[in-house]
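The block underneath contains the structure these notes are about, expressed in structure tokens.
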Amino acid sequence: MAHWLLKTEPEAFGIDALARAPRRTATWDGVRNYQARNFLRDEVRRGEQAFLYHSSCALPGIAGIVTVTRAAFPDPSAFDRKNQHFDAGSEPAAPRWYAINVQLARRCARIITLEELRAHADGKLRGLALLQRGNRLSVQPVSDAHWQFIVALE
DNA sequence: GCCAACGTTGGC
DNA sequence: GCCAACGTTGGC
């Protein structure tokens with residue numbers, strides 16, 4: 001099974017909000033980047049796990065692990081005129097954007113910081129998408145080797 | 001199809 | 001708030 005990394009801004013929806021959600025489950029919606037959309041739509045499978053990464057905050061890093069409980073389905077927020085992610089170009093008959101459902105598997109004992117991950121950028125974490133220069137993807141693949149190494153950092 | 005302008009992301 | 005990097009838009 002593949003592994004993933006999902007970015008979120010904790011002020012918008014972070015691990016605390018997920019922990020409080022019913023069944024600790026939420027719809028991962030609002031992705032409006034085609035490359036990230038393609039990962040969601042074509043590759044992310046039910047039962048796979050992902051790191052939940054906090055960005056644009058005081059301590060950027062991996063905050064926890066989530067399990068995908070529902071594979072891709074048309075992103076409802078794209079159809080909702082009142083939603084900030086509304087996209088008139090996406091229609092139910094031909095959806096442009098996709099969402100998944102995720103459930104919090106567990107919090108990390110501590111935030112595994114971007115700084116710490118970066119310390120291994122030329123070693124065990126060489127090639128990790130998160131560490132690529134200019135990377136902005138909100139859905140990223142994580143290799144098995146990288147996954148195991150990062151889990152062990154905790 | 002090119003590419004400049006613009007908007008967004010996200011670390012610092 | 002700054003700014004580098006990237007994606008998207010739109011004129012041509």
Side-chain angles (χ1 to χ4, degrees), chain A residues 2-21 26-44 48-66 68 71-102 104-143 145-147 149-154:
Chain A
H3 292 103
W4 305 94
L5 181 146
L6 301 174
K7 272 191 204 170
T8 185
E9 298 185 17
E11 284 193 15
F13 189 88
I15 199 164
D16 291 337
L18 185 56
R20 286 193 302 266
T27 294
W28 202 267
D29 61 7
V31 171
R32 295 292 179 269
N33 168 283
Y34 287 102
Q35 197 178 347
R37 186 280 310 269
N38 292 346
F39 281 131
L40 285 185
R41 186 189 60 185
D42 305 334
E43 299 193 39
V44 177
E48 289 180 341
Q49 293 201 309
F51 290 128
L52 192 152
Y53 177 87
H54 281 174
S55 67
S56 292
C57 57
L59 197 61
I62 293 168
I65 293 175
V66 300
V68 177
F73 56 97
D75 184 342
S77 71
F79 307 138
D80 177 3
R81 287 192 176 276
K82 295 175 192 153
N83 193 289
Q84 63 166 325
H85 298 295
F86 171 72
D87 180 1
S90 183
E91 298 175 15
R96 176 178 294 171
W97 306 112
Y98 286 80
I100 58 174
N101 285 352
V102 298
L104 181 62
R106 67 178 180 85
R107 286 174 180 273
C108 291
R110 59 181 184 83
I111 301 279
I112 304 171
T113 64
L114 176 61
E115 181 182 23
E116 184 175 359
L117 296 172
R118 195 163 270 154
H120 301 279
D122 295 324
K124 292 294 181 68
L125 295 182
R126 180 186 301 278
L128 181 68
L130 182 73
L131 303 178
Q132 301 307 302
R133 143 195 191 93
N135 162 74
R136 287 166 34 171
L137 266 189
S138 59
V139 179
Q140 307 178 1
V142 177
S143 73
H146 288 162
W147 179 274
F149 180 79
I150 293 167
V151 167
L153 283 177
E154 183 187 3

Rounding to an integer number of Å, can you tell me how far A:L6 CG sits from B:dT9 P?
16 Å
Under the ring-ring contact (aromatic ring centres under 6.0 Å, His included) test, residues paired with A:H85 that sit two or more places apart
none
By ring-ring contact (aromatic ring centres under 6.0 Å, His included) - contacts of A:W4 (at least two apart)
A:F39
Can you tell me if A:Y53 touches the phosphate of B:dG11, counting only side-chain N or O atoms and a distance under 4.0 Å to OP1 or OP2?
yes
For B:dG10 and A:K7 - does any side-chain N or O of the residue sit under 4.0 Å from the phosphate oxygens OP1/OP2?
yes
Taking all non-hydrogen atoms of both residues, which atom of A:L137 and which atom of A:A36 are closest, and how far apart?
CD2-N, 3.7 Å
Please find the pair of heavy atoms, one from A:P141 and one from A:A129, that lie closest to each other, and give the distance.
O-CB, 4.4 Å
Selection residues 31-44 of chain A - residue pairs positive for salt bridge (charged side-chain N to carboxylate O under 4.0 Å, His left out), sequence neighbours left out
A:R32-A:D75
Please, which pairs that meet salt bridge (charged side-chain N to carboxylate O under 4.0 Å, His left out) have at least one residue in residues 79-102 of chain A, sequence neighbours excluded?
A:D87-A:R96
Give the ring-plane orientation class for A:W97 versus A:Y34, where under 30° counts as parallel, over 60° as perpendicular and anything between as tilted.
tilted
May I ask you to decide if the ring planes of A:H120 and A:F149 are parallel, tilted or perpendicular, using 30° and 60° as cut-offs?
perpendicular
Each nucleotide of nucleotides 2-7 of chain B classed B (base within 4.0 Å of a protein heavy atom), S (only sugar-phosphate) or -, in 5' to 3' order, makes -----B
Hey, does A:S56 reach any base, or is it just sugar-phosphate, or nothing, if we go heavy atoms under 4.0 Å?
base
Among residues 113-129 of chain A, which ones have heavy-atom contacts with DNA chain B below 4.0 Å?
A:L114, A:R118
